[in-house]
There are 2 protein chains.
Amino acid sequence: MDQLRETLKGHHLRTTTCREDVLSTFITKKNALSHGDLEGALGENYDRVTIYRTLKTFLEKGIIHKVLDDEGLRYALCSHNCSEEKHHHDHIHFKCSECGETNCLENLHIPAVQLPNGYQPENFNLLIQGVCPKCG
Amino acid sequence: MDQLRETLKGHHLRTTTCREDVLSTFITKKNALSHGDLEGALGENYDRVTIYRTLKTFLEKGIIHKVLDDEGLRYALCSHNCSEEKHHHDHIHFKCSECGETNCLENLHIPAVQLPNGYQPENFNLLIQGVCPKCG
DNA sequence: AATAATTGTGCAACTTTGTTGCAAGTGATA
DNA sequence: TATCACTTGCAACAAAGTTGCACAATTATT
Ligand SMILES: [Mn+2]
Ligand SMILES: [Mn+2]
Ligand SMILES: [Zn+2]
Ligand SMILES: [Zn+2]
C-alpha cells in the first residue's frame, strides 16, 4: 500500500513496517483498538514496546485519537486531518455490550452543553454503551 | 459517623472499618477517586487488595459509579439512590487539566442524542476536559 | 451470652499492563 | 554509499490488577 506511506509522510514520520502494519490494522478493522488488540494482531512480528511507542507517536501526530472506555483505553483513526497542533474531535463513540466493538460515529457530533460559569471546556468525550445494529 | 453505617446497611453490606473509611473518603474529598488515590489516603491501614474489593462491592451495590478518564478509571459517589438493580446516571463529568480533579456535575445532564436506526443505547458517559472555575 | 454460619481481610503469589535505558539496526538525505 | 538521526528489540523494571487460602470479624441462631 502506498496510501500508508503517504499518510506517514504527511505526518513527518519515517516509513517502517511496524508503523505501516499498525496503520493498516486500524484501516482494515474499522473499530477502535486497544494495545492488546494490536499485540494480538501483530505481536509475533513486533515487540510489545514498539507497539506502545507506535501508538504514542500516532497519538502525538494526530493519526489516531483516544477512545474512552470503562475497561481500558482504545484508539481509533482520526478521519479528518488532525495534526500535532490541531487535534480536535467532537463525534460520539458507541460501544456494543454484545460484540464488544467500539466504533466512531463520525457524523454524529456531541450536542452543545451549557456549563456553569467559570468552566472552560476544551475537549469532549461521549461514550454511549448499548446494543449495536449488528447485534440488535 | 452513624451516617456511614446507615448507608452500608441500606445496601445490605456489613459494617467494617475499611468500608466506612473508603466511604468517608469519598464523602469528604468530593471529587472522583482512583484506586491509587484511596491507596494513598488509606493504604497504611488497609491492604491494596481489600481496597480493590471494596470498590468492586460498592460498584455492584450502587454506592459508587465509574467515571471515565483518558488516563485511568476513577469512581464517584452515586448521589441519588442507586441500587444493585437500578444503577442509572446521566450527568456530566468535568476534568480539570490544571488541578487534575474530576468532578460530577450532578445537575447537568447529558443532552439527548438521535442515534441512527438500530442502535439501542443503554448508558451514557460524557467527560468534558478543560479548566475548572477554581483554576480558571 | 455462647456458638455456628457467613462474610470480609491480609498475605503471598501471580498475571497483566505500561515504562525506561541502551546497543544495534534502519530509513532519509546528500 | 556514507552519514546521521531516528526507530527497534531486548532486558530490566514499575505499576496495576487478580486469585486462593487461612484467619478474623460480623451477623444469625440458639
Ligand atoms: Mn472517534
Ligand atoms: Mn458522576
Ligand atoms: Zn455489537
Ligand atoms: Zn482545576
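Just so we're clear, the structure is a prediction, and the values are computed from it rather than from any experiment.
At least one side-chain heavy atom of A:His91 sits less than 4.5 Å from a side-chain heavy atom of A:His65. With contacts defined as side-chain heavy-atom distances shorter than 4.5 Å, the pair A:Leu38/A:Phe26 qualifies. Counting heavy atoms from C-beta outward, A:Arg14 and A:Leu8 have side chains that stay 4.5 Å or more apart. Using a 4.5 Å heavy-atom threshold, the side chains of B:Cys82 and B:His89 count as touching. Using a 4.5 Å heavy-atom cutoff, the side chains of A:Thr17 and A:Asn45 are not in contact.
Under a 4.5 Å side-chain heavy-atom criterion applied to ILVMFWY residues, the cluster that includes A:Val67 comprises that residue alone.
The stretch residues 60-70 of chain A has no heavy atom under 4.0 angstrom from DNA chain D at all.
The distance between atom NZ of A:Lys56 and atom C1' of C:dT17, rounded to the nearest whole Å, is 16 Å. With rounding to whole Å, B:Glu39 atom CD is found 14 Å from C:dG10 atom C1'. Rounded to whole angstrom, the span from the CG atom of A:Leu55 across to the P atom of C:dT17 amounts to 14 Å.
Summary of helix geometry: the two end axes of the helix from C:dA1-D:dT30 to C:dA30-D:dT1, each defined by five base pairs via their C1' atoms, are inclined to each other by 40° (rounded to 10°).
The outermost nucleotides of DNA chain D lying under 4.0 Å from heavy atoms of chain B, listed 5' to 3', are D:dA16 to D:dT27.
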Next item on the list: Quick one, give me the B/S/- string for nucleotides 18-30 of chain C, reading 5' to 3', where B means a protein heavy atom under 4.0 Å from the base and S means that only happens at the primed atoms, P, OP1 or OP2.
Entry: BBBB-----BS--
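Scanning for side-chain hydrogen bond (donor to acceptor under 3.5 Å, both in side chains) contacts around B:Ser97 gives an empty result, with sequence neighbours left out. Evaluation of the ring pair (Phe, Tyr, Trp, His ring centres under 6.0 Å) rule for B:His88 yields no partner, not counting sequence neighbours. When the side-chain contact (heavy atoms from CB on, under 4.5 Å) test is applied to B:Lys29, the partners found at least two apart in sequence or on another chain are B:Thr25, B:Asn31, B:Leu33. Among residues two or more places apart in sequence or in another chain, the side-chain hydrogen bond (donor to acceptor under 3.5 Å, both in side chains) test is passed with B:Glu85 by B:Ser83.
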Please set out all donor-acceptor pairs under 3.5 angstrom arising from side-chain atoms of residues 103-126 of chain A, sequence neighbours excluded.
residue: A:Asn103; atom: ND2; partner: A:Glu101; partner atom: OE1; Å: 3.4
residue: A:Glu106; atom: OE1; partner: A:Ser79; partner atom: OG; Å: 3.0
residue: A:Glu106; atom: OE2; partner: A:Ser79; partner atom: OG; Å: 3.3

Which pairs of donor and acceptor atoms, one on a side chain in residues 70-78 of chain A, lie under 3.5 Å apart (sequence neighbours left out)?
residue: A:Asp70; atom: OD1; partner: A:Lys95; partner atom: NZ; Å: 3.4
residue: A:Glu71; atom: OE2; partner: A:Lys95; partner atom: NZ; Å: 2.8
residue: A:Arg74; atom: NH1; partner: A:Asp37; partner atom: OD2; Å: 2.9

Do any side-chain atoms of residues 49-61 of chain B form donor-acceptor pairs under 3.5 angstrom with protein atoms, and if so which ones, sequence neighbours left out?
residue: B:Thr54; atom: OG1; partner: B:Thr50; partner atom: O; Å: 2.7
residue: B:Thr57; atom: OG1; partner: B:Arg53; partner atom: O; Å: 2.8
residue: B:Lys61; atom: NZ; partner: B:Glu84; partner atom: OE1; Å: 3.4

